[in-house]
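The block underneath contains the structure these notes are about, expressed in structure tokens.
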2 protein chains.
Amino acid sequence: MATRTTRRPERREEPLSRERVVESAIELLDTAGESGLTFRALAARLATGPGAIYWHVTGKDELLSAATEAVVSRTTASGTADPTPQEAIRALALGVFDAIEAHPWVGAQLASAPARSPMLRVFEHIGRQVQTLGVPHTAQFTAASALLSYILGVAGQNAANARGCPPNTNRTEFLATVSAAWADLDPDEYAFTRDVADQLRVHDDRAEFLAGIDLILTGITTHREPTDPAPS
Amino acid sequence: MATRTTRRPERREEPLSRERVVESAIELLDTAGESGLTFRALAARLATGPGAIYWHVTGKDELLSAATEAVVSRTTASGTADPTPQEAIRALALGVFDAIEAHPWVGAQLASAPARSPMLRVFEHIGRQVQTLGVPHTAQFTAASALLSYILGVAGQNAANARGCPPNTNRTEFLATVSAAWADLDPDEYAFTRDVADQLRVHDDRAEFLAGIDLILTGITTHREPTDPAPS
DNA sequence: GGCTGCTCTGGAACGCCGTTCCAGAGTGGT
DNA sequence: ACCACTCTGGAACGGCGTTCCAGAGCAGCC
């Protein structure tokens, strides 16, 4: 009140920008979850009104896409030289996996809009390693697509699990609860599920994810005819 | 106005019920998409008010779950005796795949809430076939989870694609458009994607999906490389 | 028949959402 | 001094999920 317009080095300490909007959106998504990202909450965090945000972003869809793009692109950026294509694919997949574990909302976003830009880069990198693996040209699309679909599937599941209990229960307790629920299922209708309830309780998400990748990689590198001896 | 309470055989021609609510919700989702399911629209279709629906359903989450459950359970119901476990798994996966193609909203729903009931039954059936395949006990959970994750991943992608262009373009035209977009990408940054743009244009979703299933099945049934050191 | 208690209805209202609108502040060019 | 342009932010709109509640219909008991 005392000073009205004097003593203002810039219009505000930091002017609005698309970058700042997206960054704040990511923080909001990380702290308050997917439902926490609101134009009003975002405006409050940026000390402005909802209308101002629309000058830098066309709408919520673009905002979510930009936030996802920003997070995923960081994982793709770190290009380490891996000795084998298999390890390169594992590293690539783990990058996406870790990004989703750190930001569960990315999983839900990717699972429901994969054709967009961020995952296309992952697809490209996977495809190159598939080529390096010596996969026949006609099977390369299938192989890369299968790997991508699997990654996106795990992404969605992890996001769903993280949404189930974001703040409170630690992972061990959560797994114990679900495992106990599985063990209490009908023995006739859910014989298998009951049988693996123990494995669910002690399993490691990252290891299971990688094991699935390896399963697909084995399928890709194994010739269709089972008479082929194990390649190395 | 003429007759007030006379001439009414029942309170209404058909009383509200949870079954009728869920069924109408499915119809609404199929015709108007995920965003078309609204308590007001649902109330209009049922010739009632929004409040009445809450007597039969606790909220929108349960409504969506019930609708998904209803659609998925129909696919699991048809139990045909398949000669081999592989074919049984393929049939199971195709059932889910077809259900999602017929109701794209199911894909999005499954991809973002897989731990719930409907997919647990699929998991159970897959797991039994995995057991029949002779997979070692310690690897059964991994194998079934990988298959389920892959199915859910494809589910999400199909749902996203269907959401991109629900009514208008036929599939061939859509694929041609995306394929052309891929072919126009930067040759350095997207060499592989450009290379498989042709395969994208002519590919068959069902066949690709099954090919991915077969990749994982091959990985499951192929013995690990004997020289492979235990990877953590 | 009345009366009561229960199930079920459906319209009104609440608060929040994404989005649009627009008056106007700030700023650089002439 | 003026203008044109970028950018701001508060108000407002329609629609959403959800809640609330007066009351309709329908047993069952007096």
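Lettering of chains follows the sequences in order, A, B, ..., and the numbering in each one begins at 1. Predicted, not measured: the structure shown is a model, and the values here were computed from it.
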Legend entry - Separation of atom CG in B/L42 from atom P in D/dC16, rounded to whole Å: 12 Å
Inset, instruction - Grab the CG-C1' distance between B/L37 and D/dC16 for me, whole Å please. - result: 12 Å
Legend entry - Residue A/Y54, side-chain heavy atoms: nucleotide from C/dG18, D/dG17, D/dT8 that is nearest: C/dG18
Inset, instruction - Using a cut-off of strictly less than 4.0 Å, decide whether B/H56 has a side-chain nitrogen or oxygen near OP1 or OP2 of C/dT9. - result: yes
Inset, instruction - Indicate the ring-plane relationship of A/F123 and B/F192, choosing parallel, tilted or perpendicular according to the 30° and 60° boundaries. - result: tilted
Inset, instruction - Please state how far atom CG in A/L63 lies from atom P in C/dT19, giving the value in whole angstrom units. - result: 10 Å
Inset, instruction - Using only heavy-atom distances, decide whether a donor-acceptor pair under 3.5 angstrom links the side-chain of B/R40 to the base of D/dG15. - result: no
Legend entry - Interatomic distance where CD1 belongs to A/I53 and C1' belongs to D/dC7 [whole Å]: 13 Å
Inset, instruction - Start with the C-alpha distance between B/F209 and B/F97, add both sets of side-chain angles, then the distance that settles ring pair (Phe, Tyr, Trp, His ring centres under 6.0 Å), and finish with yes or no. - result: CA-CA 8 Å; B/F209 172 67; B/F97 182 89; 4.8 Å; yes
Legend entry - Value in whole Å for how far the C1' atom of D/dT6 lies from CG of A/L16: 13 Å
Inset, instruction - Please determine if a side-chain N or O atom of B/T48 lies less than 4.0 Å away from the OP1 or OP2 oxygen of C/dT9. - result: no
Inset, instruction - Identify the residue among B/H203, B/Q199, B/E208 that makes a side-chain hydrogen bond (donor to acceptor under 3.5 Å, both in side chains) with A/T142. - result: B/E208
Inset, instruction - Counting heavy atoms from C-beta on, name the nucleotide in D/dG9, C/dT9, D/dC16 closest to the side chain of A/A52. - result: D/dG9
Legend entry - Presence of A/W55 side-chain N/O under 4.0 Å of D/dT8 phosphate oxygens OP1/OP2: no
Inset, instruction - Evaluate the side chain to side chain contact (heavy atoms under 4.5 Å, CB included) criterion for residues B/L147 and B/V130: first the C-alpha distance (whole Å), next the side-chain angles of each, then the deciding distance (0.1 Å), finally the verdict. - result: CA-CA 10 Å; B/L147 283 165; B/V130 167; 4.2 Å; yes
